[in-house]
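In what follows, every chain begins at residue 1, and chains take the letters A, B, ... in the order their sequences are listed. A quick note: this is a predicted structure, and the numbers were derived from the prediction, not measured.
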Protein chains: 2
Amino acid sequence: MSTTAAEIAAAWRRERPGTPTDSIEVFTPIVRLAKLLTDDRTRVLRAAGIDRATLDLLSVLRRAGPPYTLTTRELTERTLVTAGAISQRVARAEQEGLATRAPDPSGHKAVAVTLTAAGHEVIERSVDAVLGRDSELVAGLSAEEQDLLIPLLGKLEGFVRTRVG
Amino acid sequence: MSTTAAEIAAAWRRERPGTPTDSIEVFTPIVRLAKLLTDDRTRVLRAAGIDRATLDLLSVLRRAGPPYTLTTRELTERTLVTAGAISQRVARAEQEGLATRAPDPSGHKAVAVTLTAAGHEVIERSVDAVLGRDSELVAGLSAEEQDLLIPLLGKLEGFVRTRVG
DNA sequence: GTCTAAACGTTTAGCCCTAAACGTACCAGG
DNA sequence: CCTGGTACGTTTAGGGCTAAACGTTTAGAC
């Protein structure tokens with residue numbers, strides 16, 4: 001059994017009265033849930049022989065629709081990782097034949113990343129498994145509870161984005 | 001500007017009708033918030049010359065109260081990382097003089113990890129900075145909104161824990 | 001045209017984690 | 001005893017990320 005967020009906050013107040021603990025009960029479960037979910041997804045995908053970072057990359061390209069092409073900069077904007085990480089992801093995907101890199105003719109010095117047929121096949125094969133699994137996990141909340149939760153998370157994410165990095 | 005969770009779900013439905021998208025609007029903001037928060041915390045702590053993993057370790061020991069000692073197994077239970085990661089964290093903290101390792105006299109083959117005076121000082125110096133920062137970020141929601149959000153997150157975390165690893 | 005500033009992508013060093021293999025200590029049954 | 005099982009902690013191989021330094025291309029000022 002793991003320590004609850006409420007217990008962590010109480011422990012700080014007991015040990016160090018005056019410690020600002022008001023964020024703990026909100027952020028601790030968020031960080032924990034994210035870890036549980038991403039670790040679980042990593043395991044699901046390993047069984048399918050693919051890694052999570054590559055799946056994220058292929059997903060973004062697949063969702064873009066035909067011709068399944070985005071520049072490195074667009075990928076960076078859509079994925080919340082650094083440009084360096086995108087560069088590494090694309091290099092790995094290219095290595096495995098799941099995506100290709102080509103100069104983009106849109107002015108600027110841009111690189112166009114495109115899904116290959118093999119990459120398309122991988123994403124079609126994995127996306128339902130991954131999202132189906134997530135679907136099972138989100139079912140711990142009723143539809144009404146989810147409708148309550150979603151706007152609160154959206155508001156919090158928006159606020160945090162204005163204050164970080 | 002980044003893609004919203006609603007846009008991601010809509011894109012999947014447009015590109016692949018039938019894709020199970022009901023989890024996306026819940027889990028996407030959770031995973032994103034966790035990344036924004038942990039990356040931000042990493043930066044705050046780097047400015048103070050300490051890394052996040054070490055702070056987590058020292059925090060757990062500090063919250064335990066005098067004599068600030070826990071076994072490796074207890075640390076593992078309280079932190080959601082593997083025993084191997086704890087072993088590495090403790091080794092780093094020991095290297096820097098922030099914690100010590102000693103055989104635990106409680107039967108079994110256990111290792112007792114204890115906060116040193118230097119470790120105690122580091123945690124006292126950092127915890128208010130970190131939690132104060134989090135406090136600013138959680139203020140994007142009103143107290144009422146937080147009271148609505150907390151039990152929903154708790155319920156979801158509990159459910160997910162029963163279904164994963 | 002030329003030159004400077006900005007945009008873009010890649011590379012590298014360093015950090016941290018997981019999973020799995022491993023070594024060792026304790027305990028209970030025969 | 002002693003022997004197998006179990007609990008505990010450590011080590012290692014490999015993956016992924018960030019930040020920062022870097023090289024290159026493009027656009028704009030003049």
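- A straight line from CZ of A:R52 to P of C:dC17 spans 14 Å, rounded to a whole angstrom.
- In this entry the distance linking CG of A:D39 with P of C:dC16 reads 17 Å, nearest Å.
- Atom CG of A:L36 is separated from atom P of C:dT18 by 11 Å (rounded to the nearest Å).
- Atom CZ in B:R73 sits roughly 19 Å away from atom P in C:dA25 (whole-Å rounding).
- Side-chain nitrogen and oxygen atoms of B:K35 include at least one within less than 4.0 Å of the OP1 or OP2 phosphate oxygen of D:dT18.
- Among the nucleotides D:dA19, C:dC17, D:dG9, the one closest to any side-chain atom of B:R43 is D:dA19.
- Of the candidates B:K35, B:R41, B:R43, B:K35 is the only one forming a salt bridge (charged side-chain N to carboxylate O under 4.0 Å, His left out) with B:D39.
- A close approach under 4.0 Å does occur between a side-chain nitrogen or oxygen of B:R89 and OP1 or OP2 of C:dC17.
- If you take CG of B:L57 and P of C:dC15, they are 17 Å apart, rounded to a whole angstrom.
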Pairs of donor and acceptor atoms involving the side chains of residues 158-165 of chain A, under 3.5 Å and at least two apart or interchain, shall be tabulated with distances.
residue, atom, partner, partner atom, Å
A:R161, NE, A:E157, OE2, 3.0
A:R161, NH2, A:E157, OE2, 3.0
A:T162, OG1, A:F159, O, 2.5

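- For A:T82 and D:dA19, the shortest distance from a side-chain N or O to OP1 or OP2 is not below 4.0 Å.
- A salt bridge links A:E77 with A:R73: at least one charged nitrogen is closer than 4.0 Å to a carboxylate oxygen.
- Taking all atoms of both residues into account, the shortest heavy-atom contact from A:S142 to A:E145 is N-OE1, 2.8 Å.
- Counting to the nearest Å, the P atom of D:dG15 and the CD atom of B:Q88 are 16 Å from each other.
- Listed by chain and number, the residues in a salt bridge (Lys or Arg N to Asp or Glu O under 4.0 Å) with A:R13 amount to none (sequence neighbours excluded).
- Rounded to whole angstrom, the span from the CG atom of B:D51 across to the C1' atom of D:dA19 amounts to 15 Å.
- A:V113 and A:I50 fall within a single hydrophobic cluster, where Ile, Leu, Val, Met, Phe, Trp and Tyr side chains are chained together by heavy-atom contacts under 4.5 Å.
- Rounded to whole angstrom, the span from the CG atom of B:L70 across to the P atom of D:dG9 amounts to 11 Å.
- The residue among A:R46 and A:V90 whose nearest nucleotide of DNA chain C lies closer to the 5′ end is A:V90.
- Of all heavy-atom pairs between A:A93 and A:L57, the closest is CB-CD2, 3.7 Å.
- Among the protein residues, A:T72 comes within range of the sugar-phosphate backbone only, with heavy atoms under 4.0 Å from sugar or phosphate atoms but none that close to a base.
- Backbone-only engagement by A:A53 is indicated by non-hydrogen atom pairs under 4.0 Å involving sugar-phosphate atoms exclusively.
- Note on A:A85: a base of the nucleic acid sits closer than 4.0 angstrom, heavy atoms only.
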Polar pairs (N or O, both sides) under 3.5 Å between protein and nucleotides 22-25 of chain D?
residue, atom, partner, partner atom, Å
D:dG23, N2, A:K109, NZ, 2.7

